[in-house]
Amino acid sequence: MAVRATEWQKLPVTLTELCINTTLRCGQSFRWRKSADDEWSCALHGRILSFRQDALYLHYRAIYPPSTLHTPPHDDDTPTLVKHYFNLEPDLCKLYSQWAASDANFKKRAPKFAGVRILRQDPWEALIGFICSSNNNISRISQMVHNLCLHYGPLIGHIGNEAYHDFPTPEALAGPGVEQHLQKLGFGYRAKYIYKTAVMVADSRGLAWLDELCNPESPVFGQEPKPGGPLIEGGREGYRKAHQELLALHGVGPKVADCVCLMGLGWSESVPVDTHVWQIAQRDYKFGKGKHSSLTPATYTAVANHFRKLWGKEAGWAHSVLFTADLKAFSERLVAKTEIKTEEVSVKAEPDGSGVVESTTKTATATKKRVKRDVGDDEHQVVEVKEKIVKRSKRRKA
DNA sequence: GACAGCCCTGGCGA
DNA sequence: ATCGCCAGGGCTG
């Protein structure tokens, strides 16, 4: 039987309400892959979901494996899943203007990073993904999560030659020999964390335990919403309970627990404070002195509380915008103007072969340094142009 | 509360 | 060119 792909559908969403090109790459989820130009795909809930976006619409389609019992599109729940996964309920533009009104730093940094929306991921996937994230970088985390799916997740289908596997169940990761295998796959000390956490969830706590830690206002896919309680300084009671319970799992500390709370359990006031956010707190919010000179557990709470007070109930959403604005993978947006200038100058300078202006050389070098660490994606062209400029100017010097 | 130690990778300066 | 060092979305004992 042939692959069963539903027709492309569309949902009216502006780029300021959701920008998938930013949101899917900013370290929330580690599984999205480019399946074509401007097309992102991932296996979710037993189907491959693909997305494209233009100024007015989010376009999507689902590809089902031949063995699926129901017959899409008749009982296709994909539209509901899409709205749920992208968390489309909150009015992001309104939130951005609220955060900008209460925080000058947000106002300054956010404009180039519109449409950063907190995803509503599966709690179990978020938990394992963020256990992988400790002391790690996004490209390696993505590689590790991909390996988990490849070896332990069900195959859903293909796009071209690329196989798409869904995320493995707790049972699959709690099997015999998993820890040793993950160790061999280069997971390092996280191999043990993943295995032990999987055993705990599969054998004693159960997935229902994890799902019940969700914000009742925004439960797991398929459940009805209920009120979530009032916001207090340290976050709502349900958030604090979820955070505390997650800490009992192996490989889960305060930061990982907050990531799961925010991106898996729907607790919008959760503010994960990693080294990155800590640097932002020191640079832009006067932390790093006196009592809070280093990121101790007490400082962690103080920083998170400060942001909750400043940004309110969706503090974690605002935090994610500033976090994204500081990611190296997006740093080209901050030097875009310089980049265009550099190109113009170098083109003009090329024919006569005379020396390059001192300031141009400097600019080109600085730009190259900032972008060089980017991992394979659509920024390659830009990088190449810059490296050429640098080489030319070097040759002339020599 | 402070502090090593932990797995592994890639970039950078010497 | 090659090596040592260190940071990269931390956690455990």
Side-chain angles (χ1 to χ4, degrees), chain A residues 22-31 113 116 118-119 121 126-148 178-197 200 243-264 270-283 290-304 307 316-317 319-331 365-366 368-376 383 387 390:
Chain A
T22 310
T23 301
L24 297 180
R25 294 194 300 150
C26 70
Q28 288 193 54
S29 167
F30 306 101
R31 278 203 304 135
F113 297 89
V116 177
I118 295 294
L119 299 171
Q121 299 181 67
L127 173 60
I128 297 302
F130 288 110
I131 286 176
C132 292
S133 81
S134 77
N135 221 327
N136 210 343
N137 57 65
I138 292 178
S139 68
R140 185 155 80 116
I141 301 163
S142 305
Q143 191 54 239
M144 286 163 66
V145 171
H146 183 245
N147 268 326
L148 286 179
V178 168
E179 182 184 339
Q180 293 73 17
H181 184 211
L182 295 182
Q183 191 68 243
K184 213 166 61 186
L185 287 172
F187 279 63
Y189 55 79
R190 301 168 201 85
K192 188 189 289 176
Y193 296 160
I194 291 168
Y195 173 70
K196 286 194 164 182
T197 292
M200 271 217 250
H243 190 265
Q244 194 187 348
E245 293 217 15
L246 288 170
L247 292 179
L249 300 172
H250 293 276
V252 180
K255 186 266 176 185
V256 169
D258 267 323
C259 287
V260 177
C261 283
L262 178 64
M263 298 165 216
S270 172
V271 179
V273 182
D274 54 32
T275 53
H276 233 80
V277 175
W278 172 232
Q279 281 169 20
I280 294 171
Q282 292 175 89
R283 188 189 64 200
K291 196 175 157 192
H292 298 307
S293 56
S294 68
L295 188 51
T296 61
T299 305
Y300 185 103
T301 309
V303 171
F307 285 136
W317 291 51
H319 136 281
S320 225
V321 176
L322 293 193
F323 174 83
T324 304
D326 252 45
L327 272 183
K328 278 173 195 144
F330 296 109
S331 62
T365 311
K368 181 198 163 198
K369 268 189 180 175
R370 299 189 69 161
V371 187
K372 207 183 173 185
R373 287 191 212 113
D374 279 3
V375 239
V383 178
E387 292 192 331
V390 174

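Every chain is numbered from 1, with letters handed out A, B, ... down the list of sequences.
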Nucleotide by nucleotide, nucleotides 1-6 of chain B touches protein heavy atoms under 4.0 Å in the pattern (B base, S sugar-phosphate only, - none) -S---B

Taking all atoms of both residues into account, what is the closest heavy-atom pair of A:Ala257 and A:Leu247, and its distance?
CB-CD2, 4.0 Å

Nearest heavy-atom contact between A:Leu119 and A:Ser29 is CD1-CB, 4.0 Å

Which residue lies toward the 5' end of DNA chain C, A:Lys196 or A:Leu327, if each is placed at its nearest nucleotide?
A:Leu327

Counting just side-chain N and O atoms, does A:Thr275 come under 4.0 Å of either OP1 or OP2 of C:dG10?
yes

Would you indicate what [X] reaches in the nucleic acid, counting non-hydrogen atoms under 4.0 angstrom: base, sugar-phosphate, or nothing?
X: A:Leu249; result: sugar-phosphate
X: A:Cys26; result: base
X: A:Gln143; result: nothing
X: A:Val273; result: nothing
X: A:Val277; result: nothing
X: A:Pro254; result: sugar-phosphate

Rounded off to whole Å, could you give me the [atom1]-to-[atom2] distance for the [X] and [N] pair?
X: A:Phe323; N: C:dG8; atom1: CZ; atom2: C1'; result: 11 Å
X: A:Asp258; N: C:dC11; atom1: CG; atom2: P; result: 10 Å
X: A:His276; N: C:dG8; atom1: NE2; atom2: P; result: 8 Å
X: A:Ile194; N: C:dT12; atom1: CD1; atom2: P; result: 13 Å
X: A:Phe30; N: C:dG8; atom1: CZ; atom2: P; result: 15 Å
X: A:Arg190; N: B:dT9; atom1: CZ; atom2: P; result: 10 Å
X: A:Lys184; N: B:dC7; atom1: NZ; atom2: P; result: 17 Å
X: A:His181; N: B:dC7; atom1: NE2; atom2: C1'; result: 16 Å

Is the closest side-chain donor-acceptor distance between A:Ser139 and A:Ser142 under 3.5 Å?
no

Across all strands shown, which nucleotide pairs with C:dG8 by Watson-Crick or G-U wobble geometry, both distances under 3.5 Å?
B:dC8

Between [N] and [M], how far is it from one [atom1] atom to the other, in whole Å?
N: C:dG9; M: B:dA2; atom1: C1'; result: 22 Å
N: C:dC6; M: B:dC7; atom1: C1'; result: 15 Å
N: B:dG5; M: C:dC5; atom1: P; result: 15 Å

To the nearest 0.5 Å, what is the distance between [atom1] ([X]) and [atom2] ([Y])?
X: A:Asn135; Y: A:Arg190; atom1: CG; atom2: CZ; answer: 6.5 Å
X: A:Leu127; Y: A:Leu249; atom1: CG; atom2: CG; answer: 6.0 Å
X: A:Asp274; Y: A:Ser134; atom1: CG; atom2: OG; answer: 12.0 Å
X: A:Leu148; Y: A:Ile128; atom1: CG; atom2: CD1; answer: 7.5 Å

Quick one: do A:Phe330 and A:Phe323 satisfy ring-ring contact (aromatic ring centres under 6.0 Å, His included)? Show the steps, please.
CA-CA 11 Å; A:Phe330 296 109; A:Phe323 174 83; 9.5 Å; no

Minimum-distance nucleotide (side-chain atoms of A:Asn137 versus C:dG10, C:dG9, B:dC7)
C:dG9

Go through the N and O atoms of the side chain of A:Lys255 and the base of C:dG9, and report whether any donor-acceptor pair is under 3.5 Å.
yes

